[in-house]
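Notes to accompany the following structure.
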Amino acid sequence: MKVLVIGKGGREHAIAHAASKSPLVDQLYAAPGNPGTAQIAENVAISDSDVEGLLRFAKEKAIDLTIVGPEHTLALGVVDAFEKEGLKIFGPTKAAAQVESSKEFAKKIMMKYGIPTAAYQSFENKEEAIAYVKEQGAPIVVKEDGLKAGKGVTVAQSVEEATEALEIAFAQEGGKVVIEECLRGFEFSLICFVCNETVIPMEIAQDHKCAYDGDQGPNTGGMGVYSPVRRITPEIIEETMKTIMRPMAHAMVQEGVPFTGFLYGGLMLTENGVKTIEFNARFGDPEAEVILPRLKSDFVDVIQQVMAQQECKLDWSDDVTLGVVLASAGYPASSTKGAVIKGLDALDAQVYHMGTAMKDGELVTDGGRVLIVVTQAKTLEEAYAKTYAEIKKIDCDCLFYRNDIGKKDMN
C-alpha cells in the first residue's frame, strides 16, 4: 500500500512511525512532514492547509490510504474533498469535525443525548458573559469557541481571571465563548478508532496541559504524557465507553454527521462518575506519541478493519511509556526559531519532532513545542527516571520542560 500522513508535528511523526512498522505499507509519504518523518517516510512539500495540493498529490501517486493528523486540515474539509474523488481517507468530514471546531456543537449533542458533561452556557455578548461569571462565581471555565490548538481554555480561579479571559476572547472578531462549571477530579484521555457506530478504544493516557511544574502557568498544547494510567481501572474505562464514547458516536450517526477517524475524549473522573471535558476530532498530541508505541497490532490494518466497520481486538504492550515535551523558552506566549539542537544521536529513547527544522545541515528549533522524548519501561517510576535521564543528553539553550510528568499517578 501507499500511505500518506498529513501534518508536520509530533502526532504526525508518531502516526507515520506506527504506519512504517506495518508490513502492508510499501511507500509512506508525509505532507509536509518534519525532519523526524524524513527518516521513515518521503516528505512532500505540500502544506497541510493546501487541500487542493494534497488531493492532487494523492491522485497522482494513487495513494491507497490517507491518515489526517491536524484538526485545522479536517476543519478545511480535506475528507470531503478526498471522498468526493473516491479516495480512502481516515478522518471526519468537515461537518463531523465540528465536535472540535465548535465547542457549542459538541455541547448541544451531549446535552441532547444525555452524555455526561459540565453544565454550560454559550455567549456572543461580552457584557452578558461577564454578568454570568459574576453570578456563578469561581472557579469557572472559559472556552473560546472554534479551533484553538489545545489552547483558548482558561480554568479561572477568580472572577477577575475569568473576566480577563472574556476580554481577550471578545477582542477577537466573531468572539464567542462557552462558559462551563469547573469539573474537579482526575483528568485522562481516551481515544477511539471510530467509523459510524464501530468504536474501538485505545489505551488510556494522561496529558499535562499547564506549562510549569505542579500544574502552574498557562494552558498549552500539552507538556508531557504517559500511558497507561493506574488510577483508571478497566471498570472505569468500560463505564466511559458505555456512557460517553459509544453514545457520542451513535449520536453523531443519529444527527446525520457520522464520525470516522480518531475520536478523542478529554475526560474527568469526578466523585459523580466520568464526565466529558471536551471531544476532539483527531488523535491527541502528545497522546499519540505514547499510545502508538504501545500498540502491537498492525496500525494500518486496524484502520482498514475499522473503516470496514469490523470489530477488532487490539494487542497492547504492558510497558509504560512516558513522554516529556521540550518547548521553546517563552512558550505558549512565544516561540523561538533557529536555536541549534545537539545530542539527539546519543539518546536511548524515541524522539518525536514537534517543531524542528533543518538549517545549514543542523537541526534547529522551529516552533513552540519542539521535541518529545519518549521511553518505555516496566513501571511508571522506571519510565520517569529513564526519560528524564535521556533528556539531560540534549544540548540546546532555548528549551524548557516540566519535571513532574506522571508524578500524580505515583503516590
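These numbers come from the heavy atoms of this one structure, side chains and all, not from hydrogens, waters or symmetry mates. What you are looking at is a predicted structure, and each value in this text was computed from that prediction instead of being measured. Starting from 1, each residue takes its place in the sequence as its number.
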Would you find a donor on one side and an acceptor on the other, under 3.5 Å apart, between the side chain of Arg294 and the backbone of Asp319?
yes
Considering only NZ, NE, NH1 and NH2 on the basic side and carboxylate oxygens on the acidic side, decide whether Lys296 and Asp318 come within less than 4.0 Å.
no
So, Phe170 versus Phe123, ring centres under 6.0 angstrom or not?
no
Polar side-chain atom of Gln216 near backbone of Gly214 as donor-acceptor pair, under 3.5 Å
yes
Interatomic distance, Ile89 atom CD1 to Leu65 atom CG [nearest 0.5 angstrom]:
8.5 Å
Keeping the roles fixed (side chain from His13, backbone from His353), state whether a donor-acceptor pair exists under 3.5 Å.
yes
Non-hydrogen side-chain atoms of Thr93 and Val257 separated by less than 4.5 Å
no
Just by distance, with hydrogens left out, do Arg369 and Thr220 show a side-chain donor and acceptor under 3.5 Å apart?
no
In plain terms, say whether Lys8 and Asp48 are close enough for a salt bridge, that is, a side-chain N and a carboxylate O under 4.0 Å apart.
no
Short side-chain to backbone donor-acceptor contact, Thr276 and Pro116, under 3.5 Å
yes
Rounded distance [0.5 Å steps], CG in Asp395 versus CG in Asp397:
7.5 Å
Do NZ/NE/NH1/NH2 and the carboxylate oxygens of Lys143 and Asp145 come within less than 4.0 Å?
no
Write out all pairs satisfying side chain to side chain donor-acceptor pair (under 3.5 Å) with one or both partners inside residues 235-252, taking only residues at least two apart or from two chains.
Glu197-His250, Thr233-Glu235, Glu238-Arg246
Neighbour count above 12 (heavy atom, 6.0 Å) for Glu164 CD
no
Between Gly10 and Tyr352, which heavy-atom pair has the shortest distance, and what is it?
O-CB, 4.2 Å
In terms of side-chain heavy atoms, does Gln206 have a donor or acceptor partner in Tyr226 at a distance below 3.5 Å?
yes
Beyond-backbone contact of Ile46 with Val44, side-chain heavy atoms, under 4.5 angstrom:
yes
How close do Val320 and Ala383 get, counting heavy atoms only, and between which atoms?
O-CB, 3.9 Å
Electrostatic pair Glu167-Lys126, nearest N-O below 4.0 angstrom
yes
Is any side-chain N of the basic residue among Asp298 and Lys21 closer than 4.0 Å to the acidic one's carboxylate O?
no
Any side-chain donor-acceptor pair under 3.5 Å between Lys107 and Ser122?
no
Using atom types as modelled and distance alone, determine if a side-chain donor or acceptor of His208 lies under 3.5 Å from a backbone N or O of Met223.
no
CZ-OH distance between Arg402 and Tyr212, expressed to the nearest 0.5 angstrom
11.0 Å
Closest approach of Thr356 and Pro35, non-hydrogen atoms and distance?
OG1-CD, 3.3 Å
Keeping Glu83 on the side-chain end and Asp80 on the backbone end, is there a donor-acceptor pair under 3.5 Å?
no
Between Glu287 and Ser189, does a side-chain hydrogen bond (donor to acceptor under 3.5 Å, both in side chains) hold up when you go through it step by step?
CA-CA 8 Å; Glu287 286 92 342; Ser189 309; 2.8 Å; yes
Kindly compute the distance separating CG (Leu399) from OG1 (Thr336), expressed to the nearest 0.5 Å.
6.5 Å
Taking atom types as modelled, is there a side-chain donor on Glu382 or Thr379 under 3.5 Å from an acceptor on the other?
yes
With side chains defined as the heavy atoms from C-beta onward, is the minimum distance between Ile236 and Leu269 less than 4.5 Å?
yes
Shortest non-hydrogen contact from Leu74 to Pro92?
CD2-CD, 3.5 Å
Whether Lys2 side chain and Lys61 backbone form a donor-acceptor pair below 3.5 Å
yes
Do you see a donor-acceptor pair shorter than 3.5 Å between the side chains of Thr365 and Ser328?
no
Evaluate the criterion side-chain hydrogen bond (donor to acceptor under 3.5 Å, both in side chains) for residue pair Thr37 and Asn43; output intermediate values, then yes/no.
CA-CA 7 Å; Thr37 59; Asn43 283 356; 2.7 Å; yes
Using the side-chain contact (heavy atoms from CB on, under 4.5 Å) rule, take His17 and Leu292 through it: C-alpha gap first, then chi angles, then the decisive distance, then the call.
CA-CA 9 Å; His17 184 231; Leu292 288 175; over 6 Å; no
Heavy-atom side-chain contact between Leu4 and Ile67 under 4.5 Å:
no
Distance from Leu371 atom CG to Tyr401 atom OH, nearest 0.5 Å?
12.5 Å
Please report the closest heavy-atom contact between Cys312 and Val302, naming both atoms and the distance.
SG-CG1, 4.2 Å
Report the distance from atom CD of Gln136 to atom SG of Cys182, rounding to the nearest 0.5 Å.
12.5 Å
Give a yes-or-no answer on whether the side chains of Gln376 and Thr321 include a donor-acceptor pair shorter than 3.5 Å.
no
Side-chain donor or acceptor of Glu100 paired with backbone N/O of Asn280 under 3.5 Å
no
4.5 Å side-chain heavy-atom contact, Pro247 and Tyr113:
no
Salt-bridge present (Glu104, Lys176; N to O < 4.0 Å):
yes
Go through the steps to decide whether Thr270 and Arg184 satisfy the test side-chain hydrogen bond (donor to acceptor under 3.5 Å, both in side chains), and finish with yes or no.
CA-CA 6 Å; Thr270 73; Arg184 293 292 189 198; over 6 Å; no
Start with the C-alpha gap between Cys210 and Asn219, add the side-chain angles, then the distance that decides, and say whether side-chain contact (heavy atoms from CB on, under 4.5 Å) holds.
CA-CA 5 Å; Cys210 296; Asn219 242 17; 4.2 Å; yes
Cation-pi check, Lys88 to Phe82: give yes when NZ or CZ is under 6.0 Å from the six-membered ring centre and within 45° of the ring axis, no otherwise.
no
Indicate yes or no: at least one non-hydrogen side-chain atom of Ser20 is less than 4.5 angstrom from one of Val25.
no
Between Phe90 and Phe262, does the ring centre distance come in under 6.0 Å?
yes
Residues Arg11, Glu71: salt bridge by 4.0 Å N-O rule
yes
Within the side chain of Asp64, is there an N or O that forms a donor-acceptor pair under 3.5 Å with the backbone of Met1?
no
Verify side-chain contact (heavy atoms from CB on, under 4.5 Å) between Thr154 and Val141, making sure each step is shown before the conclusion.
CA-CA 6 Å; Thr154 302; Val141 181; over 6 Å; no
Pair Leu87-Thr66, side-chain contact (heavy atoms from CB on, under 4.5 Å): steps then yes or no
CA-CA 8 Å; Leu87 291 167; Thr66 298; 6.0 Å; no
Pairing of Lys359 and Asp366 as salt bridge, 4.0 angstrom limit:
no
Is it true that a side-chain atom of Glu180 and a backbone atom of Tyr120 form a donor plus acceptor pair closer than 3.5 Å?
no
